[in-house]
2 protein chains.
Amino acid sequence: MKDPVAAELLRQKGVKPTPQRVVITEHLLNTVSHPTADEIMEAVSDKLPVALSRATVYNTLNALVEAGVVREVFTEPGCARYDANTSEHHHFVDVKSGHIFDIPQELVPQLKDQLGDRFKVHNYSITFWGEIADADAS
Amino acid sequence: MKDPVAAELLRQKGVKPTPQRVVITEHLLNTVSHPTADEIMEAVSDKLPVALSRATVYNTLNALVEAGVVREVFTEPGCARYDANTSEHHHFVDVKSGHIFDIPQELVPQLKDQLGDRFKVHNYSITFWGEIADADAS
DNA sequence: ATCTATTCTTAGAAGTATTCTAAAAACATA
DNA sequence: TATGTTTTTAGAATACTTCTAAGAATAGAT
Ligand SMILES: [Mn+2]
Ligand SMILES: [Mn+2]
Ligand SMILES: [Zn+2]
Ligand SMILES: [Zn+2]
């Protein structure tokens, strides 16, 4: 099934929907796994008739972040992960499996105004590490 | 002034206080700036009679983290920062200057039990980005 | 349909942070 | 002192990301 939603989303956000960008965006829209650039490259390259370059993957991801189509998530040093869930939310890392779960903003108290008037908070992110009770949630 | 406190701390934590380790620990105890490995190397290498190797800096920092002498802090992709403040606390990054401030645990609500019983939280970290009111706080 | 300017993609090189390797030095113990 | 263990060292290797320079695709103007 072809999926016009990715191309449409890109257009809305002012990003020209090239095949490479569409296919990467599609992949992120259809996963909850917070993949790295490498994982995205791996997953996506055979959906294009031409060779896909590392540079294009990184260029595209940077463009998507810039345009607000996806979020960059940092749960570990060394590499960024990407997330098509752009709502305000936080992350839980299962230390056993490495799986990353979304924690909606509503589950944690609003922290913007906790710090007093010395610190003007633009945004913040919370990363939780721990174990998840029933492990069958990928 | 020589400072026996670093060596003593290392001994307490079960790390043999070699000159390299002492000098790196001393530097971290005497700064609030959350330096990177590179910045530590730069700051410390002329306090030793011998050449200091990158590998030793990284080995030492890993050993110190392992032993609980310092904390690793991730506020940006690409490189780790180090912090001799091992109390539970969080971080505020001034987006103008890049300076990183400690936010004591008491300033934010306890989040360990917010997530329901599905997620067993071992620990968590909050990073705030924003601007600081009076900028003269280094 | 061509021409032209701009944007996008490509392969590979370069850059940056960190770890690995193998050998030398320092240290501890007998 | 002899011996084994730990630590440090310089440089190579690795991992992730960005840069470079050239070609391909695209869009607009003629
Ligand atoms: Mn997410
Ligand atoms: Mn700190
Ligand atoms: Zn997310
Ligand atoms: Zn800190």
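In what follows, chains are A, B, ... by sequence order, proteins preceding strands, each numbered from 1.
When rounded to the nearest whole Å, the span between CE of B:Met41 and P of C:dA17 equals 13 Å.
Looking at B:Arg21, its side chain never comes within 3.5 Å of a backbone N or O of B:Ala63 through a donor-acceptor pair.
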For a quick test of your reading: what N or O donor-acceptor pairs under 3.5 Å do the side chains of residues 52-61 of chain B make, sequence neighbours left out?
{"unit_1": "B:Ser53", "atom_1": "OG", "unit_2": "B:Ala55", "atom_2": "N", "d": "3.0"}
{"unit_1": "B:Asn59", "atom_1": "ND2", "unit_2": "B:Ala55", "atom_2": "O", "d": "3.2"}
{"unit_1": "B:Thr60", "atom_1": "OG1", "unit_2": "B:Thr56", "atom_2": "O", "d": "2.8"}

Indicate every side-chain donor-acceptor pair of residues 40-48 of chain A with a distance under 3.5 Å to a residue at least two apart or in another chain.
{"unit_1": "A:Ser45", "atom_1": "OG", "unit_2": "A:Met41", "atom_2": "O", "d": "3.1"}

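The salt bridge (Lys or Arg N to Asp or Glu O under 4.0 Å) check on A:Glu39 picks up A:Arg81, with sequence neighbours excluded. Applying the side-chain hydrogen bond (donor to acceptor under 3.5 Å, both in side chains) criterion to A:Glu88, with sequence neighbours excluded, gives A:Gln105. Scored by the ring pair (Phe, Tyr, Trp, His ring centres under 6.0 Å) test, B:Phe128 finds A:Tyr124 as partners (sequence neighbours excluded). Residues forming a ring pair (Phe, Tyr, Trp, His ring centres under 6.0 Å) with B:Phe92 (at least two apart in sequence, or on another chain): A:Phe119. A:Thr86 pairs by the side-chain hydrogen bond (donor to acceptor under 3.5 Å, both in side chains) definition with nothing, not counting sequence neighbours. For A:Glu72, there are no salt bridge (Lys or Arg N to Asp or Glu O under 4.0 Å) partners at least two apart in sequence or on another chain.
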For nucleotides 18-26 of chain C, tabulate all protein N/O to nucleotide N/O atom pairs closer than 3.5 Å, reporting atom names and distance.
{"unit_1": "C:dT18", "atom_1": "OP1", "unit_2": "B:Ala80", "atom_2": "N", "d": "2.8"}
{"unit_1": "C:dT18", "atom_1": "OP2", "unit_2": "B:Tyr58", "atom_2": "OH", "d": "2.6"}
{"unit_1": "C:dT19", "atom_1": "OP2", "unit_2": "B:Asn62", "atom_2": "ND2", "d": "3.3"}

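Taking every heavy atom of residues 11-21 of chain A and every atom of DNA chain C, pairs under 4.0 Å involve A:Lys16, A:Thr18, A:Gln20, A:Arg21, by number.
Applying the salt bridge (Lys or Arg N to Asp or Glu O under 4.0 Å) rule to pairs touching residues 8-18 of chain B yields B:Glu8-B:Arg11, sequence neighbours excluded.
You can see that DNA chain D meets the heavy atoms of chain A within a 4.0 Å-exclusive cut from D:dC16 to D:dC19, reading 5' to 3'.
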